[in-house]
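Numbers here simply count residues along the sequence, with the first being 1. Given the structure is predicted, the values throughout are model-derived calculations rather than measurements. For ligands, and for the atoms within them, numbers begin at 1 and follow the listed sequence.
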Amino acid sequence: MNEVLVTDDAGLRTIRLNRPEKKNALTRAMYAAMAEALREAAARPSVRAVLMTGGTECFTSGNDVADFKARGDQAADVPSPAREFLAALRACPKPVVAAVAGYAVGIGTTLLLHCDFVYAAENAIFRMPFVDLGLCPEGGSSLLVPQRGGQLLANELLMLGDAFPPATALRAGVVNAVVPVDEMMATAEGVARRLAAKPPAAMATTKRLLRQAGEAALTAHMTEEFADFSALLRGPEAAEAVAAFQEKRKPDFSRFLAAE
Ligand code: COA
């Protein structure tokens with residue numbers, strides 16, 4: 001079964017996650033497929049806007065936890081597909097709209113920070129549980145969440161890592177609007193189609209200008225975040241968190257000594 005469905009219709013490219021039995025958890029192959037779909041969208045003149053969605057049940061439960069382990073076992077200089085996907089998303093000159101329902105965990109939340117419009121259904125549940133996985137924030141979230149939502153809210157969302165509702169995602173500057181589940185796809189698609197109908201050079205220039213002030217700082221910050229994330233991914237705290245997830249038990253971090 002194709003776990004990333006890509007369709008083009010009248011200038012709108014839709015990228016739909018399709019791994020429902022694993023809550024759309026993202027494998028390396030899925031990141032690569034999404035990155036390819038975004039690079040193609042950037043290069044193909046007939047594509048004028050992109051819609052990303054997981055449908056009305058679940059956006060994505062984030063990185064496949066088993067894949068985390070595989071990545072942790074790899075040499076540190078092997079390129080990370082998640083990182084390449086985020087690079088393709090950030091580099092896309094066409095407007096990107098996200099339609100989010102159900103769980104949006106980990107990169108399922110942080111990727112939204114790089115979309116241009118985000119519509120959340122009332123059943124959406126966001127979570128950035130990096131610390132609980134023995135990891136640190138990724139995807140620029142440790143810069144963008146405090147910037148958009150303020151330091152104290154960012155501390156809550158990224159240090160405690162609890163699940164949060166769409167109303168909090170609005171306060172955090174992660175979503176544009178919250179809509180009933182049965183209106184989410186139509187709302188997001190309607191905006192994406194309006195964007196696709198606008199003059200493309202004016203649109204691409206506007207997107208570039210809206211983003212460029214913070215781009216260099218964000219790129220530098222994301223490079224540092226990825227290095228920290230990658231080091232923690234190879235460490236014992238992440239190993240305990242992944243083992244606990246796979247064994248369906250609570251992790252025990254009590255044996256780890258606090259850093260000085
Ligand atoms: N990676 C791998 N498998 C995942 C997954 C993930 N990120 N998220 C869910 N799954 C799998 C579950 O292991 C389960 O598989 P099984 O049926 O073979 O046991 C299946 O998807 C359904 O998930 P389940 O946990 O039963 O659904 P739920 O509705 O009770 O809970 C979540 C949904 C998203 C809250 C929960 O699955 C979860 O916390 N997942 C991990 C999220 C995470 O830590 N992601 C990494 C972020 S950096």
Side-chain angles (χ1 to χ4, degrees), residues 1 3-4 17-34 52-74 80-86 89 98 100-114 120-145 154 156-166 168-169 172 174 181 222 225-235 237-253:
M1 189 170 64
E3 293 175 337
V4 176
L17 301 172
N18 182 40
R19 196 187 176 207
E21 72 288 0
K22 294 289 179 187
K23 305 276 172 188
N24 287 337
L26 298 169
T27 60
R28 284 170 290 179
M30 290 167 77
Y31 285 123
M34 290 193 293
M52 294 186 66
T53 189
T56 53
E57 300 281 317
C58 181
F59 186 57
T60 167
S61 59
N63 203 99
D64 187 293
V65 174
D67 254 32
F68 265 147
K69 184 169 170 356
R71 245 167 83 189
D73 293 341
Q74 269 178 351
S80 141
R83 188 175 180 173
E84 297 200 345
F85 156 68
L86 287 171
L89 179 57
V100 182
Y103 288 107
V105 185
I107 196 167
T109 296
T110 63
L111 77 84
L112 301 174
L113 298 165
H114 305 282
E122 283 165 349
N123 71 349
I125 301 171
F126 301 84
R127 193 171 171 217
M128 295 184 282
F130 303 111
V131 170
D132 290 336
L133 289 166
L135 300 168
C136 65
E138 43 78 319
S141 54
S142 57
L143 179 73
L144 295 173
V145 178
E156 258 180 67
L157 303 184
L158 287 163
M159 293 170 80
L160 279 176
D162 291 339
F164 57 97
T168 308
V174 177
V181 184
M222 284 177 74
E225 254 185 356
F226 273 122
D228 287 333
F229 187 95
S230 180
L232 285 165
L233 190 57
R234 288 168 174 76
E237 296 177 4
E240 165 60 11
V242 171
F245 179 80
Q246 290 178 332
E247 291 158 23
K248 298 191 190 286
R249 62 169 170 83
K250 269 189 178 313
D252 176 8
F253 299 118

request  = Would you mind checking which non-hydrogen protein atom is closest to atom 18 (O) of ligand 1, with the distance to 0.1 Å?
outcome  = K22 NZ, 2.7 Å

ask   = What are the atoms of ligand 1, with element, lying closer than 4.0 Å to any heavy atom of F130?
value =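 Listed by number with element, the hits are 48 (S).
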
task = Note the single closest protein heavy atom to atom 1 (N) of ligand 1, along with its residue, its atom name and the distance in Å.
result = V65 N, 2.8 Å

inquiry  = Within the 4.0 Å heavy-atom shell around L133, which atoms of ligand 1 are there?
reply    = 44 (O), 46 (C), 47 (C), 48 (S)

note = Rounded to the nearest 0.5 Å, the OG atom of S141 sits from the CG atom of L112 at a distance of 11.5 Å

request  = Give the minimum heavy-atom separation between M128 and V145, together with the two atoms involved.
outcome  = CE-CG2, 4.1 Å

note = The reported gap from OH in Y103 to CG in N24 (rounded to nearest 0.5 angstrom) is 13.5 Å

ask   = What is the nearest protein non-hydrogen atom to atom 13 (O) of ligand 1, stated with its residue, atom name and distance?
value =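 For atom 13 (O) of ligand 1, the nearest protein heavy atom comes out as F245 CZ, 3.8 Å.
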
query = Identify the closest protein heavy atom to atom 7 (N) of ligand 1: which residue and atom is it, and at what distance?
reply =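 Residue, atom and distance for the closest contact: N63 O, 3.0 Å.
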
query = In ligand 1, which numbered atoms sit nearer than 4.0 Å to a non-hydrogen atom of F68?
reply =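 Reading through ligand 1 atom by atom, the close ones are 48 (S).
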
message = Among all the protein's heavy atoms, is there at least one whose distance to atom 47 (C) of ligand 1 comes out below 4.0 Å?
response = yes

key: Close-contact set for ligand 1 against D64 heavy atoms, below 4.0 Å   =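 What qualifies from ligand 1 is 1 (N), 2 (C).
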
message = Among all the protein's heavy atoms, is there at least one whose distance to atom 25 (O) of ligand 1 comes out below 4.0 Å?
response = no

query = Which heavy atom of the protein is the closest neighbour of atom 28 (P) of ligand 1, given with residue, atom name and distance?
reply = K23 CE, 4.0 Å

request  = Mark up the atoms of ligand 1 that fall under 4.0 Å of a heavy atom belonging to V105, in ascending order.
outcome  = 42 (C), 43 (C), 45 (N), 47 (C)

query = Can you tell me which residue and heavy atom of the protein come closest to atom 6 (C) of ligand 1, and the distance to 0.1 Å?
reply = A25 CB, 3.5 Å

Distance from atom 31 (O) of ligand 1 to nearest protein heavy atom, with residue and atom =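 Looking at atom 31 (O) of ligand 1, the protein heavy atom closest to it is Y103 CE1, 4.2 Å.
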
query = Starting from atom 20 (C) of ligand 1, which protein heavy atom do you reach first, and at what distance in Å?
reply =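 Ranked first by proximity to atom 20 (C) of ligand 1 is E21 O, 3.4 Å.
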
ask   = Side-chain donor-acceptor pair under 3.5 Å between Y31 and N63, yes or no?
value =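 Checked: Y31/N63 side chains pair up, N/O donor to acceptor below 3.5 Å.
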
Chi angles and distances behind the side-chain contact (heavy atoms from CB on, under 4.5 Å) call for L17, V4 = CA-CA 5 Å; L17 301 172; V4 176; 4.2 Å; yes

task = Please determine if R83 and E225 form a salt bridge, counting it only when a charged side-chain N lies under 4.0 Å from a carboxylate O.
result = no

ask   = Would you call the rings of F229 and F68 parallel, tilted or perpendicular if under 30° counts as parallel and over 60° as perpendicular?
value =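 Answer is tilted, since the angle falls between 30° and 60°.
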
query = Any idea which of S61, G102, G62 brings a heavy atom closest to atom 43 (C) of ligand 1?
reply =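 Comparing heavy atoms across S61, G102, G62, the nearest one to atom 43 (C) of ligand 1 lies in S61.
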
query = Does the protein put a heavy atom under 4.0 Å from atom 37 (O) of ligand 1?
reply = no

ask   = To the nearest 0.5 Å, how far apart are CG in L89 and CD in E84?
value =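 Here the interatomic distance stands at 13.5 Å.
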
key: Verify atom 16 (P) of ligand 1: protein non-hydrogen atom under 4.0 angstrom away   = yes

message = In the structure I gave you, are the side-chain heavy atoms of R19 and D64 within less than 4.5 Å of one another anywhere?
response = yes

query = K248: heavy atom below 4.0 Å from ligand 1, yes or no?
reply = yes

